[in-house]
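Notes to accompany the following structure.
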Amino acid sequence: MARIRTRFSPSPTGFFHLGGARTALFNWLFARHHQGVFVLRIEDTDVARSETRYEEDILDSLRWLGLDWDEGPYHQCARLRIYHDFIERLLDTGAAYYCDCPPERLEEKRKAALARGENPRYDGHCRDRHLGPGPNTAVRFRSPPAGTTQWNDLSKGPIAFDNQELDDLVLLRADGVPTYNFAVVVDDLSMEITHVIRGDDHIPNTPRQILLYRALGATPPEFAHIPMILGPDKAKLSKRHGALSVLAYRDMGFLPPALVNFLARLGWSHGDQEIFSTAELIEYFSLEQVSKSAGIFNADKLLWLNGHYLRESADRDLALALKDFLPQQGVVTDDVDYLTRVTATLKPRAHTLVEMAEMARFYFHDPRPYEEKAAQKFLTPSSRPGLAAIRDRLAALPELKEEALNQIFSEVQKQSGLKMVVLAQAVRVALTGKTASPGLFEIMDILGKEEVLRRLTAALESVTD
RNA sequence: GUCCCCAUCGUCUAGCCUGGUCCAGGACACCGGCCUUUCACGCCGGCAACACCGGUUCAAAUCCGGUUGGGGACGCCA
C-alpha cells in the first residue's frame, strides 16, 4: 500500500480553537502511527475573512502543541492556476457548466424553500443554457439526478446519500476563486492525500466531494469523520463557552502534553488508560477506537491532567516554564536555582502554572498584609509566646534543616502548651500570610534563616492585644 | 422543515462487531476515611448509567425495527 498521507486544512478566519486542534491531532497521530506524511494546508479562499494573524495563530498553536508537519503550509490562494486547470477538465467533459444566476435571486429561492420546509437546492436554471465564460458567471457542477453516493466511513461505518438531495454546487465563483468543496477535492487529489480525517460536520460535504472525484476520473480517498466537541450546554463549542483558542490555554498555564492527552482522550480511548505520553498516543492510535458520538468539553478533567503533568515534570524544566508566569504576579527573578527549589514545593499543589505563580509569591515578597481571617485566627496574643520561642530557638540555629526544626517545634509546643496545629499555623501565617502552603520546614529551608527570623519578628509585632 | 450522524454513571469512556464471563469496569467531579503541623499530593471506600417500546433468542448493554431525545448540514463560508 502506498504511503499514508493525511492533512490538516484550517481556514484562517478565526483563532485556532480546541476543535481544530483535535482534528489536527488525530490527523497527525494517524500519520505518525503509520509512518506517513502529515500535510498542512491553509484554506484561504474566503478572501474577505482570511487574515494573516489568524494563520500565524494556527501555526504557533500547532508548534506549541508539538504537532509538526512534513509538508506545507500550502496556500490555496497560491494554487489558482491548478483549480482552473481542473475546471477546464470538468467543463470539457460536460461535468460542469457556466451559470450567471444572480446570487440575490438564488438567496430568495433558498429562503422560500426553507420556509416551505424543503431542502433548498439550485433549480438548474443554467444547466442546459450552454453559457460561456463571462462577467458575473460562476461554474457549477452537474450533479447526477439519481442514484446514491456512499462510502465506508472509517469511523462511522457505511454512509449513503441520495443524489437527489445533492444539488449543482458552485465550483468556481464569478471572481475565479474556487469554492471549498472544489478546492478540497483538487488539493486532496493533487497532494495525494490518502485519508481525510475531519469533523463530522463535514459529512454532508462528502458525497459531493466523492462525486467530484468521480467526475475527475479519480478514486476518492478514505474518509473518517470524527465527532465534534460540544460545550457544557451540548451546543457546538463556541466563544461563549469561555477560553477556547489554543494559545489561551497556554496563557492559562496549561502544558502541551496535558492538552494533547486531554484532546486525544476526548473521543478516543485505549481501554481504561487515561494518561498517555505522546509516544504512546502514536503507538496506540487507531481510527477504529474513535467514538461516534460527540463529546462534551470537561474543564475539570483538563485541570486534573494538567496537575498530573505538572507533578511529572522535572523541577528545573518546570521552573523555567513557571518563570514566564511570574511577572504577572509582580515577581521578577533570574535565580533559576532558587526558583527550582520553590517549584518543587509548589508542584503537587497546583493545577496550572498560573496557580503556581500565585502560590510562589510569598517566596519572593513579604507576606504582609496577611490574609485577614488567617491573622485573626492564628496571630493572637495567646500564640505570641510560642511564636517568640520559635523565633529565639531558630536564631540559635546555624542553619534551618528539618531534623533540628522538628525538635524545636515539639519542644516549644510542649513548653507553650499550644496545640501543634495552632503553633504551626501561626508560624505559617507569619511566613506566608496564609493558612495553606507547602510544608513549613521546606519553606524555612528555602527562605533562609535571616528571612524567616525577619518574618517571625514582623508577625510578633503585628499582634495587638 | 428536509437530509445526515449519534444515544452506557453529571462528564470522558470500557464492554457492543464475535449475544451468556456485566445485578455493567475505569477516569474526572462529588462524598466519606487514611496519611498529616496547614493545603495539596497519595492511598482506601462510596454515590452514580445500558433513553424508551417492541422483536429475535434458552439468554440482549450487546442483533433487528420503531419512538423519543441530542447534534450537524442545508451559501458564489470553510
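Computed from a predicted model, the values in this text were never measured in an experiment. Order of the sequence lines fixes the chain letters, A, B, ..., with proteins taken first and strands second; residue numbering starts at 1 for each chain.
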### Task
Select from A/Ser293 and A/Ser437 the residue whose nearest nucleotide in RNA chain B is closer to the 5' end of that strand.
A/Ser293

### Message
Within the 4.0 Å limit for protein heavy atoms, which parts of nucleotides 71-78 of chain B are touched? Write it as a string from 5' to 3', B for base, S for sugar-phosphate only, - for none.
### Response
SSSBSBBB

## Note on the structure
With the side chain defined as heavy atoms from C-beta on, A/Lys156 is closest, among B/rA40, B/rU11, B/rC6, to B/rC6

### Base partner of B/rA7, which must satisfy Watson-Crick or wobble distances under 3.5 Å
B/rU68

### Task
If B/rC63 has a Watson-Crick or G-U wobble mate with both distances under 3.5 Å, name it; if not, just say none.
B/rG55

#### Entry: B/rC50 to B/rG25 separation - C1' atoms, rounded to the nearest Å
13 Å

### Task
Among A/Trp268, A/Phe254, A/Phe297, find the residue that satisfies the ring pair (Phe, Tyr, Trp, His ring centres under 6.0 Å) test when tested with A/Phe262.
A/Phe297

## Note on the structure
Side-chain contact check for A/Arg349: nearest option of B/rU38, B/rA29, B/rU37 is B/rU38

### Task
Return yes if the base of B/rU37 and the side-chain atoms of A/Arg428 contain a donor-acceptor N/O pair under 3.5 Å, otherwise no.
yes

### Backbone N/O of A/Pro12 and side chain of A/Asp44: donor-acceptor pair under 3.5 Å
no

### Task
Among B/rU37, B/rC28, B/rA7, find the nucleotide with the atom closest to the side chain of A/Val421.
B/rU37

#### Entry: Complementary nucleotide of B/rU38, counting Watson-Crick and G-U pairs under 3.5 Å
none

### Message
Suppose you measure atom C1' in B/rC22 against the same atom in B/rA49; what distance do you get, rounded to whole Å?
### Response
13 Å

### Task
Using the C1' atom as the reference point in each nucleotide, state the distance between B/rA60 and B/rG69 in Å, no decimals.
22 Å

#### Entry: A/Tyr122 six-ring centre to A/Arg140 NZ/CZ under 6.0 Å and within 45° of normal
yes

### Query
Taking atom C1' in both B/rA27 and B/rG66, what distance in whole Å separates the two?
35 Å

### Message
Between B/rC47 and B/rA7, how far apart are the two P atoms, rounded to whole Å?
### Response
28 Å

### Results of side-chain hydrogen bond (donor to acceptor under 3.5 Å, both in side chains) for A/Tyr97 - residues two or more places apart only
A/Asp168

### Check: A/Glu442 main-chain N/O paired with A/Arg341 side-chain donor or acceptor under 3.5 Å
no

### Message
Could you tell me how far B/rG71 sits from B/rA51 if I compare only their C1' atoms? Round to whole Å.
### Response
16 Å

### Task
Return yes if a side-chain donor-acceptor contact under 3.5 Å exists between A/Tyr180 and A/His202, otherwise no.
yes

### Task
For A/Glu165 and for A/Ser269, locate the closest nucleotide of RNA chain B by heavy-atom distance; then report the residue assigned to the nucleotide nearer the 5' terminus.
A/Glu165

### Query
What is the pairing partner of B/rA73, taking Watson-Crick or G-U wobble pairs with both distances under 3.5 Å in any strand?
B/rU2

### Query
For B/rA48, which nucleotide is its Watson-Crick or G-U wobble mate, given both distances must be under 3.5 Å?
none

### Task
Return the nucleotide paired to B/rC43: Watson-Crick means purine N1 to pyrimidine N3 with N6-O4 or O6-N4, wobble means G-U with N1-O2 and O6-N3, both under 3.5 Å.
B/rG33

